[in-house]
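Have a look at the structure below, then the notes.
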Amino acid sequence: MEKPESTNNDQQPCLPKYDFVRQIVADDIRTGKWDQRTHTRFPPEPNGYLHIGHAKAICLNFGIAAEFGGKCNLRFDDTNPTKEEQEYVDSIIEDIKWLGWDWEDRLYFASDYFDQMYEYGVELIKKGKAYVCDLTAEETREYRGSLTEAGKGSPYRSRSVEENIELFEKMKDGEFKDGEKTLKAKNDMASANVNMRDPVMYRILHAAHHRTGDQWCIYPMYDWAHGLEDSIEGITHSICTLEFENHRPLYDWFLDALWIHHPQQIEFARLNLTYTVMSKRKLLRLVQDGLVSGWDDPRMPTLSGMRRRGFSPEAIRNFCKTIGVNKFNSTIDYALLEHCLRQDLNKTSPRAMAVINPVKLVIDNYPENESEELEAINNPDDPSAGMRKVPFSKELYIEREDFMEEPPKKFFRLAPGREVRLRYAYFVKCTDVVKDEKGEIKEIHCTYDSATRGGDSPDGRKVKATLHWVCAKNSKSAQVRLYDYLFTKENPDQAEEGEDFTANLNPDSLKILDNCFIEPSLADCGPLDRVQFERLGYFCVDPERTEDGRPIFNRTVTLRDTWAKMQKAQQKK
RNA sequence: UGGGGAAUAGUGUAACGGUAGCACGACUGACUCUGAAUCAGUUAGUCGGGGUUCGAAUCCCUGUUCCCCAACCA
């Protein structure tokens, strides 16, 4: 058996601490409950795109299999043809692969088991534990009773086995209309657990299925199907979310009634994240109402959105490891996700310089037509990343925010009369400012000290700031997209009367900056390449380009920024 | 007013009757050619009330609060 920390190669070794799910698995291995076998599965319904909450479940299931020398299947729970689509199947496969998990040849579909499920249904009828019911959906609801009152038995409950088998077959053969009949489990209408009150096993749905087409017009319900799927695949630990805890008795009941392999269902709490909505229904709403550009909008918590935003699989996996797993609802601070992100990106992202809100900087004492190439380090945390050349000349762009005419005490960037370093280049001293009619700064004039080439002063003189810059003549134009929280509230569902979560959408969640300059080394970057723009943040090349063919950089996350923090604190005062 | 779960610093998460620890955040400071990273430090917790015990976050009783369940959704 492999200990979890031995797969933990991106963190310092830690003591072997099992979460409660792994504890159960470890105990089962110790006691030989499953013959030393560990087999999990990730069972998504293909009715939407995967999000970071699914990543938690994926990492749990695939992670446990990997750590305990077991297997994990990918199985699509495609029992409702009215909601499911091939597009979702494809995206889910892509996303899980991208996260780095492998199900080898074990890609399964619940729809592959429809024949066998039907046979199991017949078997249950024969055992007198299922019957065909003619009650409408509404009547079924009435008969079910309420949370505090027992239900009453359907009048069709006592049909003979023969009649039930015949009717069930007719259901299958399409002799009834949608909703006309159902197959129900004959369970206990007085059960305190409402799920046990003769739950529907099959409903009639004359709908084309994305895989089985028109082959079926009856489709199994989750409660009936899910346990069978797990059983058929020989799953040992059927890990699911908390809301299925109430369904476990039924899960157990079906499998015991059939005398077939009976996995253990274990429930854990879903992931909640601040400033994020996680339900597929709400994400679908954002997409369908055009409130975002699509499932892969970089502001979405979908894996495809996060990928486009620039998240790395490692960051997400490490996040999932860090948050742990438990049985009570909690909301993870988005800052923890950002921490995991920066931790990985800092190690892996090459550095470059880009100016996203440019103002011209003219070095008056630098020769007119001269230019030179300066050495820059690609990644200070990774010497093997090497060096690159960055062009420099008389006219540069720097960040508008890096200059202040009347700097407050704590501002130690460029200001009139002040000297700063241009990264990897020279010390420059501000001598003058040129403004336009509106009073906006057009140019900042400086002189440079040629003895400081490379960025060090031979006389040991210190500067308080180092600015990033880009050569006006030799840089490339790019578009940069800055993202912020999609919602303004930590809990987006907290809305006023008559409003819903969309009322909390952040109007400033996307800012497009179209006049940005990137150093020429970035010219041949490709889709989804990640880079750190020094002093700005981590960015990722969007798969699309602007209409005029310039690259688009999505800001994944800012660098931690104590200056911005200080400014914010100032504003609050 | 039925049933099923759960409660540990601001947020997560350990401690399995024996010193309440870790991470994130926040706040100091050191260092720095990224106000980044790194390093050092500070901050702050067992839901309440009873019991059992030499000793309780852990066991018992009791109260409180929160989540889930009455789709022919999953």
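Residue numbering restarts at 1 for every chain, and letters A, B, ... go by the order of the sequence lines. Fair warning: this is a prediction, and the values are worked out from it, not measured in the lab.
Between A:Tyr88 and A:Tyr49, the ring-plane angle classifies as perpendicular under the 30° and 60° cut-offs.
Counting non-hydrogen atoms under 4.0 angstrom, A:Thr79 reaches the backbone sugars and phosphates but no base. At the heavy-atom level, A:Leu273 lies nowhere under 4.0 Å from the strands shown. The residue A:Phe412 sits close to a base: some heavy atom pair falls under 4.0 Å. Within the nucleic acid shown, A:His247 comes within 4.0 Å of at least one base atom, counting heavy atoms only.
Here the side chain of A:Asp381 is nearest to one of B:rA74, B:rG2, B:rA37, namely B:rA37. With B:rC73, B:rA26, B:rC68 as the candidates, the nucleotide lying closest to the side chain of A:Asn246 is B:rC68. With distances taken from any side-chain atom of A:Arg413 to the nucleotides B:rG35, B:rA26, B:rA70, the minimum falls on B:rG35. Minimum atom distance to the side chain of A:Thr562 is reached by B:rA36, of the listed B:rA36, B:rA71, B:rC24.
Nearest-nucleotide mapping onto RNA chain B: of A:Gly145 and A:Glu84, the residue sitting toward the 5' end is A:Gly145. The 5' end of RNA chain B is approached more closely, in terms of each residue's nearest nucleotide, by A:Thr331 than by the other of A:Thr331 and A:Pro43.
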Pick out the pairs of N or O atoms, protein on one side and nucleotides 13-21 of chain B on the other, that lie under 3.5 Å.
from: B:rA14; atom 1: O2'; to: A:Lys17; atom 2: NZ; distance (Å): 3.1
from: B:rC16; atom 1: N4; to: A:Gln23; atom 2: NE2; distance (Å): 3.3

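With both ends at atom P, the span from B:rC24 to B:rG41 equals 14 Å, rounded to whole Å. If you take atom C1' in B:rA9 and the same atom in B:rC22, they sit 12 Å apart, rounded to whole Å. One P atom belongs to B:rG50, the other to B:rU43, and the distance between them is 29 Å to the nearest Å. Between B:rU1 and B:rC60, the two C1' atoms lie 27 Å apart (nearest whole Å). Between B:rG12 and B:rG51, the distance separating the two C1' atoms is 32 Å to the nearest Å. Separation of the P atoms belonging to B:rU52 and B:rC69 is 41 Å when rounded to the nearest angstrom.
Stacking of A:Lys152 on the aromatic ring of A:Tyr143 is recorded, both the 6.0 Å distance cut-off and the 45° axial limit being met.
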